[in-house]
J.: 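Quick one: structure below, then a few questions.
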Amino acid sequence: MEFLDGLNQNQRESVINMDGPMMVIAGAGAGKTRVLTYKIAYLMSKNIDPFNILALTFTNKAAREMKDRIAKLVGDNDAKNVTMGTFHAVFSRILRHHANVIGYPTNFTIYDTQDTKSLLKTIIRELGLDDKIYKPSLVYGRISSAKNNLISAAQYEINAEIVSEDRMSGKPQLFQIYKHYESRCFKAGAMDFDDLLFKTNLLFRDFPQILNQYQHKFKYILVDEYQDTNYSQYLIVKKLAALHENLCVVGDDAQSIYAFRGANIENILNFKRDYPDFKLFKLEQNYRSTKTIVDAANSVISNNKNQIQKDVWTSNDQGNKIKVHRSLTDNEEGKVIANSIFDSKQAKGLDYSSFAILYRTNAQSRPFEEALRKLGLPYKIYGGTSFYQRKEVKDLIAYFRLIANPNDEEALKRVINYPKRGIGNSSMDEITITANRNGVGLWDVISDFSTYPVSINAGAQAKIKGFVSMLQSFSIRLDETSGYDLAQEVAKSSGILKELYDDKSPEGVSRYENIQGLLSGIKEFSMSAEEDSINTLSDFLMDVALLTDADKEKEEDKDKITLMTIHAAKGLEFPFVYIVGMEENLFPSQMVLNSREELEEERRLFYVALTRAEQSCTLSYAVNRFKWGNLQRSEPSRFIEEIDEIHLSFEASATEIGGGRSLNARAFNKGIPSSQSSITSKPNLRPIGSSKPKANNSDLSSSLKVGHNVVHEQFGKGKVIQISGDAPDKKAVIFFPSSGQKTLLLRFAKLEIID
DNA sequence: GGAGCTTCAATTTTT
DNA sequence: TTGAAGCTCC
């Protein structure tokens with residue numbers, strides 16, 4: 001087994017341990033993916049049929065990379081037969097296969113976040129509720145977390161705890177919304193992201209023979225990023241592995257950054273309970289980063305209380321210190337980083353792809369884009385409005401969806417009057433009323449006016465009929481026409497192509513190009529079909545809902561600077577990493593400052609960011625930042641101070657210190673320039689000119705008294721039990737019936753005093 | 001029915 | 001600042 005030679009002792013042991021339940025806890029850069037790929041290759045070398053292996057990842061990208069790496073070890077053919085993909089992708093396929101038994105059409109639609117929110121909004125309005133109180137995104141979060149815990153609408157309604165939480169937060173009708181949402185999705189033949197896992201659980205629960213079939217198929221199951229799985233995923237894995245118990249999960253609790261969306265670190269603990277005789281392997285040697293970076297990351301993560309004991313170390317060089325750069329404004333931050341990349345590239349002759357700029361939120365990308373563009377540096381940007389989220393792309397895809405599944409009402413509403421064909425709101429209102437009165441869907445009405453008469457004028461009716469018959473003519477050919485051919489015809493007949501072609505504005509041109517891009521993507525997809533079969537448009541649709549920007553890597557994007565959120569960077573590595581926007585209320589985000597758990601997650605996010613860097617890492621913050629229109633002062637992130645000072649070197653921008661020199665920590669400490677900073681035991685991280693953080697809740701802070709009843713945005717009503725500390729760090733202990741006792745910093749907590 | 005104007009709200013992360 | 005949603009006027 002010569003390919004095992006490249007592994008260290010621990011890695012090798014975890015690879016050759018074939019049977020039984022096992023867990024690999026792997027520090028950042030310790031070769032987690034390596035172990036997984038080698039393990040799969042090793043299984044095959046021991047004559048395990050690739051058809052019997054299931055490998056679940058968190059992102060499509062991870063799956064693809066793993067597949068490529070396995071192919072290098074065992075060859076394309078065998079690699080191809082391993083079932084590998086994200087939870088969502090793998091189980092959406094399985095669901096398609098058995099859709100009929102749970103009452104769904106084979107061509108069920110997958111609603112993305114936009115579709116879901118839009119449907120929720122419709123429902124909220126139909127129920128006569130105020131969408132300022134029942135904000136669609138909030139409602140979505142609530143329903144999503146219910147689904148991830150396998151709570152159906154019916155169970156939601158009778159769950160005393162949940163119902164009381166909703167009542168406390170002033171949203172007693174949430175269960176109604178959930179109920180309607182559930183049935184509307186079902187009628188539309190649509191599943192949202194959470195449904196893909198939820199319904200898989202139902203399928204396996206209610207149809208044991210189907211579960212059994214997959215239990216036999218998947219003799220070996222591997223799960224990557226186990227710390228990011230939610231309860232729903234956990235249960236799927238547990239059920240599938242129940243027969244053979246050849247289950248290998250790999251993860252790192254320190255990199256758990258998706259608790260906000262239901263990931264449950266308990267799953268690691270559950271594992272010990274479910275499989276008491278499991279084997280535990282730890283990979284602690286980091287091969288990626290310099291000593292400085294590894295040590296800095298360790299010192300940051302040690303601030304977290306909740307973690308599994310691990311000792312991550314490296315035998316790599318010490319490397320350079322981590323630079324901490326202060327800029328005056330966010331625009332300057334952009335320029336500074338762009339210049340730094342320019343200089344480093346010149347000096348060291350590196351590729352652009354060696355550099356990454358990582359930020360907390362997508363909205364931060366703009367100054368960097370501008371600065372890079374000015375210097376003529378090529379970059380690629382992930383996230384934000386992804387290609388598949390663009391209006392024009394979604395519009396065309398909506399036609400496809402409607403052809404595959406006419407009951408898909410979100411798609412229908414999107415395109416029935418786009419391009420403009422004279423079917424306006426008043427017609428749609430009439431149709432909706434008729435549909436509701438008869439308890440049928442919109443499509444039922446518009447495809448059969450004789451059964452469902454609608455009081456709209458003949459002209460509009462004729463236009464609708466034309467639209468319907470166009471779609472029907474495509475639907476008939478869906479299964480025997482190649483996806484590309486059909487897609488092209490749809491783009492033409494629908495009028496979308498012409499509409500965009502006629503728009504000669506720069507945006508219009510780019511929209512047209514995006515449609516062409518989508519079509520050529522479909523072309524590629526259609527041509528990748530196996531012999532004797534065709535890839536149809538419904539096959540394409542099956543994949544497309546689960547694709548993100550990161551999955552659309554183009555050849556010409558290879559040598560470019562990477563801009564992405566830290567979340568998106570998970571699992572990646574770069575020689576030079578810039579972590580920008582290192583400011584309080586941005587990173588850590590102000591949304592997480594209410595609880596220790598959330599702050600710890602944010603810290604793990606910073607840990608992930610740091611450990612992306614191989615050779616060099618720069619932290620950067622701006623003293624002033626534009627936030628919806630006006631300039632706001634900000635303070636350096638607390639996370640900077642959590643790094644042991646000996647790993648840091650401080651510098652400020654030329655404009656700020658006047659001399660164009662960069663400062664080392666000592667000079668910085670000595671107060672050069674003396675007028676601007678005072679000598680402290682710690683490097684002075686306070687922005688110039690600002691003393692203490694401003695208490696933006698000063699009135700509240702002084703007037704709040706023990707015994708007050710208050711309302712909190714998230715926790716609902718509560719009573720103040722204790723007040724401690726002085727402004728601006730004044731804290732209150734508040735008891736919330738919905739979520740227990742919380743200690744809140746008054747300067748951050750958005751509280752309202754009731755009495 | 002639709003274009004164009006004004007207002008208003010929002011800003012966390014993603015399958 | 002941006003984008004969506006609502007409103008007015010044709």
J.: Taking the six-membered ring for Trp, is the centroid-to-centroid distance between A:H98 and A:Y104 below 6.0 Å?
T.: no
J.: Rounded to the nearest Å, what distance is computed from the CD atom of residue A:Q255 to the P atom of nucleotide B:dT13?
T.: 20 Å
J.: Kindly confirm or rule out a cation-pi arrangement of A:R184 over A:Y181, judged by NZ or CZ under 6.0 Å from the six-membered ring centre and within 45° of its axis?
T.: no
J.: Take A:T565 and A:I423, find for each the nucleotide of DNA chain B with the closest heavy atom, and name the residue whose nucleotide sits nearer the 5' end.
T.: A:I423
J.: Taking CZ from A:R64 and P from B:dT15, how many angstroms apart are they, rounded to a whole number?
T.: 12 Å
J.: Contact class for A:Y258 (heavy atom, under 4.0 Å): base, sugar-phosphate, or nothing?
T.: sugar-phosphate
J.: Using OP1 and OP2 only, check whether a side-chain N or O of A:T113 sits under 4.0 Å from B:dT15.
T.: no
J.: Think A:N60 has a side-chain N or O under 4.0 angstrom from the OP1 or OP2 of B:dT15?
T.: no
J.: Without decimals, in angstroms, what is the distance between A:Y234 OH and B:dT15 C1'?
T.: 22 Å
J.: Any base atoms under 4.0 Å from A:D194, or only sugar-phosphate, or nothing? Heavy atoms, all strands.
T.: nothing
J.: Closest nucleotide of DNA chain B for A:S427 versus for A:E601: which of these residues is on the 5' side?
T.: A:S427
J.: Using the C1' atoms only, state how far C:dA5 lies from B:dT12, rounded to an integer number of Å.
T.: 23 Å
J.: I'd like to know whether NZ of A:K335 has more than 12 heavy-atom contacts from other residues, nucleotides or ligands below 6.0 angstrom.
T.: no
J.: Output the single nucleotide from B:dT15, B:dT12, B:dT14 whose closest atom is nearest the side chain of A:H88.
T.: B:dT15
J.: Within the structure shown, what part of the strands sits under 4.0 Å from A:F626 by heavy-atom distance: base, sugar-phosphate, or nothing?
T.: nothing
J.: Quick one: which of B:dT13, B:dT15, B:dG2 gets closest to the side chain of A:N417?
T.: B:dG2
J.: Using a 6.0 Å distance limit plus a 45 degree cone around the ring axis, check whether A:K570 lies over the aromatic ring of A:F58.
T.: yes
J.: Between B:dT12, B:dG2, B:dT15, spot the one nearest the side chain of A:K420, thanks.
T.: B:dG2
J.: Nucleotides 5-7 of chain C: which of its N/O atoms have a protein N/O under 3.5 Å away?
T.:
unit_1 : atom_1 : unit_2 : atom_2 : d
C:dG6  : OP1    : A:R125 : NH2    : 2.9

J.: Could you give the CD-to-C1' distance, from A:Q590 to B:dT13, as a whole number of Å?
T.: 15 Å
J.: Assess whether side chain to side chain donor-acceptor pair (under 3.5 Å) is satisfied between A:S256 and A:Q227, documenting all intermediate values.
T.: CA-CA 6 Å; A:S256 158; A:Q227 75 283 351; over 6 Å; no
J.: Please determine if a side-chain N or O atom of A:K135 lies less than 4.0 Å away from the OP1 or OP2 oxygen of B:dA10.
T.: yes
J.: Whole-Å distance between C:dT2 P and A:N362 CG?
T.: 16 Å
J.: Let's test your reading of the model: under 3.5 Å, does the base of C:dT1 pair with the side chain of A:R366 as donor and acceptor?
T.: no
J.: Rounded to the nearest Å, what distance is computed from the CD atom of residue A:Q233 to the P atom of nucleotide B:dT15?
T.: 12 Å
J.: Rounded to the nearest Å, what distance is computed from the CE atom of residue A:M564 to the P atom of nucleotide B:dT12?
T.: 20 Å
J.: Could you work out, with side chain to side chain contact (heavy atoms under 4.5 Å, CB included) as the rule, every residue matching A:N417, not counting sequence neighbours?
T.: A:K420, A:R421, A:I423
J.: In whole Å, what separates the C1' atom of B:dT13 from that of C:dA4?
T.: 22 Å
J.: Honestly, is A:K391 close enough over A:Y418, meaning NZ or CZ under 6.0 Å from the six-membered ring centre and within 45° of the axis?
T.: yes
J.: The criterion is ring pair (Phe, Tyr, Trp, His ring centres under 6.0 Å); which residues satisfy it with A:Y178, sequence neighbours excluded?
T.: A:Y156
J.: Determine: side-chain N/O of A:N148 to OP1/OP2 of B:dT15, distance under 4.0 Å, yes or no.
T.: no
J.: For the pair made of CG in A:D130 and P in B:dA9, what is the distance, rounded to whole Å?
T.: 11 Å
